[in-house]
Amino acid sequence: MRRKLRVLFAAFEAVPFMKTGGLGDVGGSLPQALREAGCECRVIIPKFMTISEEYKSKMTHVTDFYVSLGWRNVYCGIEKLTYKGVVYYFVDNEYYFNRERAYGYFDDGERIAYFSKAIVECLQYLPDFKCDVLHCNDWHTALAPVFLREFYQGIPLYENVKTVFSVHNLKFQGQMSDYVLGDILGLWGIPAAASQLRSDDHSVNFMKGALLYSDLLSTVSKTYAEEIKTPFFGEHMDGIFRDRASILYGVMNGIDTKTWDPATDPMIPCHYTAADRAGKAQCKAELQRELGLEVNPDIPLVVMIGRLTEQKGMDLVQRVIGEMLDKAQFAVLGTGDKQYEDMLSYYNWERGGRCSACIRFDEALSHRMYAGADMLLMPSLFEPCGLSQMIAMRYGTLPVVRETGGLKDSVQPYNQYTGEGTGFSFENYNAHDMLYTVQHACELFWTNRDDWNRLIDNAMAADFSWSRAAQEYLAMYQRTHPEIEPWIKKKDGDETEEE
Ligand code: ADP
């Protein structure tokens, strides 16, 4: 049988309907790329109060039913909207989702259990969509694979449904008091399920359920998929990742290459391409002027854009910032821990002209910084994927990164013998290793412009599009349904499928 795989992508966030972090970008971009790769991907998210009226007014009602949640019987409406060619389903329940924010409520456990149950329940009510793969993301959807197997196993329509669970953020797992087992999840009477969800005598862990019940697991880079099998990175789940290593994949996220494009970006002062980079030099001069730095093309300009936290390597920066400023200009855009904000503000004051600290969230400035800098520093302690380094490369700004997670997978370090590479990297979480790597990059900037320019060419040519990620996900989905031959788009555009 040759036909398109039918995938329901379940998440709490998808741009432009809801975004609080990277998951929103994935939910907004990946389904479209999957569609283009030749799979029938639809998305399901909650119908949040904050979704713009522009979209709400175009939604149509598909169906409604009741979801059992422990002793509760709760209304669930399913609304539908086609956006950029992708069908989005919205789970409608005003009690749970008519709120100001996506998360952070006392009853998040109940809201999330409800959403997971609604996803599974609705599979039998979607008139034109028979799901092959249910792709769940992060702890907000982690109970869906559990409910699917425990409550719906015997129903023929569900026998075909395989589950994929992707970890975007391992820090948030949904750890709850075990009273929810009976009161909300209705699993008290199923000892095997209860014991798999338990994390200790008094608590259950939603993500643990997904990691044990899903047919395939993935996370957002190949190196991170290896790292989470160790106690340091594994957040107490490393044992499960080791046990299930044969079904654990690493698929690196992409970036939106239309938004992040120095040839068309409306937020940067001059446009440029890999072939003609004159505009980049002008962007640098403008940025130096804007940030109060000395306007000088020969001083390397290093930037950092992101959260000012220990995860992002700020303690390394704090240790050697003075020595770094002796070699290069350093500009930071970000917010985070107060001690780092204060430290950067101090250097901004003490070494003005050489150091700039913008302690705020500023989307437009971030574009100007990606375009105007020579290097982007990202010395993370851990980094599941990381977007900033990919965006920087697209703008011909060479990343200086620690070799961890997605940073290791996306940045090819400079090889002084062959001239190959797309940036610079160091291995140990050590301030002086970082400093040495920045200094080494500055030396190259001054003394070997041929190699420097070749690195920029390589960085700008790297493929960080979502279509690469979509192909890898598609291969994963196909593994769950070997009986379905991959669908290939015919040249004449004929979209008929064989059953
Ligand atoms: P995180 O771990 O925070 O998700 P990523 O590198 O994956 O880190 O993504 C961070 C994204 O947020 C990037 O697109 C970066 O440009 C953006 N960003 C972070 N901080 C700021 C800020 N202060 N102003 C503008 N954009 C920011």
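Counting convention: from 1, in listed order, for ligands and their atoms alike. Values in this document were obtained by computation on a predicted structure and should not be read as measured data.
Partners of H271 according to the ring pair (Phe, Tyr, Trp, His ring centres under 6.0 Å) rule, which considers only residues two or more places apart in sequence or in another chain, do not exist here. Listed by chain and residue number, K338 satisfy the side-chain contact (heavy atoms from CB on, under 4.5 Å) test with D342 (two or more places apart in sequence, or in another chain). Under the rule for a ring pair (Phe, Tyr, Trp, His ring centres under 6.0 Å), F233 has no partner lying at least two apart in sequence or in another chain.
A donor-acceptor pair shorter than 3.5 Å can be found between the side chains of E13 and T20. Counting only N and O atoms by type, the side chains of E420 and T418 include a donor and acceptor under 3.5 Å apart.
Other residues, nucleotides and ligands place no more than 12 heavy atoms under 6.0 Å from the NE2 atom of H236.
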Is there any protein N/O under 3.5 Å from an N/O of ligand 1, and what does the full list of such pairs look like?
{"unit_1": "ligand 1", "atom_1": "2 (O)", "unit_2": "R307", "atom_2": "NH2", "d": "2.8"}
{"unit_1": "ligand 1", "atom_1": "2 (O)", "unit_2": "K312", "atom_2": "NZ", "d": "2.8"}
{"unit_1": "ligand 1", "atom_1": "3 (O)", "unit_2": "R307", "atom_2": "NE", "d": "2.8"}
{"unit_1": "ligand 1", "atom_1": "3 (O)", "unit_2": "R307", "atom_2": "NH2", "d": "3.4"}
{"unit_1": "ligand 1", "atom_1": "6 (O)", "unit_2": "L387", "atom_2": "N", "d": "3.0"}
{"unit_1": "ligand 1", "atom_1": "6 (O)", "unit_2": "S388", "atom_2": "N", "d": "3.3"}
{"unit_1": "ligand 1", "atom_1": "6 (O)", "unit_2": "S388", "atom_2": "OG", "d": "3.3"}
{"unit_1": "ligand 1", "atom_1": "7 (O)", "unit_2": "L387", "atom_2": "N", "d": "3.1"}
{"unit_1": "ligand 1", "atom_1": "8 (O)", "unit_2": "K312", "atom_2": "NZ", "d": "3.1"}
{"unit_1": "ligand 1", "atom_1": "16 (O)", "unit_2": "Y370", "atom_2": "OH", "d": "2.6"}
{"unit_1": "ligand 1", "atom_1": "23 (N)", "unit_2": "R360", "atom_2": "O", "d": "2.9"}
{"unit_1": "ligand 1", "atom_1": "24 (N)", "unit_2": "D362", "atom_2": "N", "d": "3.0"}

